*Asks:* 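This structure is in structure tokens; I'll ask about it shortly.
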Amino acid sequence: MSVLKIGVLASGRGSNLQALLDACAQRTIPAAVAVVLSDRPDAYALVRARQSNVPAYHVDPAAYTGKEQYERELVRLLQAHGVELVCLAGYMRLVGSVMLQAFPRRIMNIHPSLLPAFPGLHAQKQALDYGVRFAGCTVHFVDEGMDSGPIILQAVVPVLAGDDEEQLAARILEQEHIIYPRAVDLFARGKLRLEGRRVYILD
Ligand code: GAR
């Protein structure tokens, strides 16, 4: 089976990137991480990529005249590495039209809530403050909105009495590391069909 080339965008510690790197290395999924890009020079995701011998670049948004110029550079690097699917993994910026047009229906994101509940920052804290009994995570295709695109997979975890933000985030993260590689696997094997905002999983 041919291997899908993925490009990962990350702003921080990169544990979801690691889950994808591991799944690719173990051949659990027919994919390979071709390049990792970060908007932050100190992102640990860049270190993880290099440890796996994956090219990794810091692209500084402040070095460009605007978001479009910045995203043109991202697209240039992604295309130069033959990327077919872009995975946002803790990438803390809204994706703009340049990226969306370059990779139509080919950008995924993982978010630590059961969307459409609690989009945006500090999703786990939002869930705790709201008082929900169940929280979770979502992998979705990216559109022009904030955490608003068609949902591919979700996983649910209970909110336990006495949970603080850190405990809940850790329980959710464990599931993130399971469902993100699974979603990439489905995409790589051509098992996802998008109709409107519904994603069908073919068997
Ligand atoms: C993850 O919990 C991810 O779902 C979240 O940031 C964390 C990144 O962790 N993403 C968002 O909140 C995007 N809206 P990681 O760097 O260890 O993968």
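All values reported here derive from a predicted model rather than from experimental measurement. For ligands, and for the atoms within them, numbers begin at 1 and follow the listed sequence.
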*Asks:* Check Leu21, Val47, Leu17, Leu20 against Val36 for a side chain to side chain contact (heavy atoms under 4.5 Å, CB included) and give me the one that passes.
*Replies:*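 Exactly one pass, corresponding to Leu17.
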
*Asks:* Identify, by atom number and element, the atoms of ligand 1 in contact range of Ser15, meaning under 4.0 Å from any of its heavy atoms.
*Replies:*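 That gives atoms 15 (P), 16 (O), 17 (O), 18 (O) of ligand 1.
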
*Asks:* Is the side chain of Arg133 donor-acceptor paired with the backbone N or O of Val159 at a distance under 3.5 Å, no angle test?
*Replies:*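 Flag not set: sc Arg133 to bb Val159 has no pair under 3.5 Å.
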
*Asks:* Would you mind checking which non-hydrogen protein atom is closest to atom 7 (C) of ligand 1, with the distance to 0.1 Å?
*Replies:*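 Heavy-atom neighbour on the protein nearest atom 7 (C) of ligand 1: Arg13 NH2, 4.2 Å.
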
*Asks:* Provide, to 0.1 Å, the distance between atom 14 (N) of ligand 1 and the closest protein heavy atom, together with that atom's residue and name.
*Replies:*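 Closest protein heavy atom to atom 14 (N) of ligand 1: His111 ND1, 3.1 Å.
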
*Asks:* Donor-acceptor pair, distance only, cut-off 3.5 Å: does the side chain of Glu71 make one with the backbone of Val95?
*Replies:*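 Checked: no pair found.
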
*Asks:* Which atom names give the shortest non-hydrogen contact between Asp147 and Gly120, and what distance separates them?
*Replies:*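 Distance-wise, the nearest heavy atoms are OD2-N, 2.8 Å.
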
*Asks:* Quick one: nearest non-hydrogen protein atom to atom 8 (C) of ligand 1, plus distance?
*Replies:*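 Among all protein heavy atoms, the one nearest atom 8 (C) of ligand 1 is Gly90 CA, 3.6 Å.
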
*Asks:* Heavy atom of Met146 under 4.0 Å from ligand 1?
*Replies:*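 Met146 does not count as a contact of ligand 1 under the 4.0 Å cut-off.
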
*Asks:* Indicate if Val33 and Ile179 have the same hydrophobic cluster label, given that clusters are the connected sets of ILVMFWY residues with side-chain heavy-atom separations under 4.5 angstrom.
*Replies:*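 Yes, because Val33 and Ile179 connect within a single hydrophobic cluster, where side-chain heavy atoms sit under 4.5 Å apart.
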
*Asks:* Measure the distance from atom 5 (C) of ligand 1 to every protein heavy atom, then report the residue, atom name and distance (to 0.1 Å) of the closest one.
*Replies:*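 The answer is Pro112 CD, 3.7 Å.
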
*Asks:* I need the minimum non-hydrogen distance between Ser15 and His177, along with the two atoms involved.
*Replies:*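 In this case the closest contact between Ser15 and His177 is OG-NE2, 2.8 Å.
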
*Asks:* Write out the residue and atom name of the closest protein heavy atom to atom 1 (C) of ligand 1, then the distance separating them to 0.1 Å.
*Replies:*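 For atom 1 (C) of ligand 1, the nearest protein heavy atom is Glu176 OE1, 3.2 Å.
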
*Asks:* Exactly one of Val54, Asn53, Leu46 should register a side chain to side chain contact (heavy atoms under 4.5 Å, CB included) with Arg50. Which one does?
*Replies:*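 That would be Leu46; it is the only one of Val54, Asn53, Leu46 passing the side chain to side chain contact (heavy atoms under 4.5 Å, CB included) with Arg50.
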
*Asks:* What protein heavy atom sits nearest atom 16 (O) of ligand 1, and how far off is it?
*Replies:*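 Going atom by atom, the protein heavy atom closest to atom 16 (O) of ligand 1 ends up being Gly14 N, 2.8 Å.
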
*Asks:* Counting non-hydrogen protein atoms only, what is the nearest one to atom 10 (N) of ligand 1? Give residue, atom name and distance.
*Replies:*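 Ranking protein heavy atoms by distance from atom 10 (N) of ligand 1, first comes Ile110 O, 3.6 Å.
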
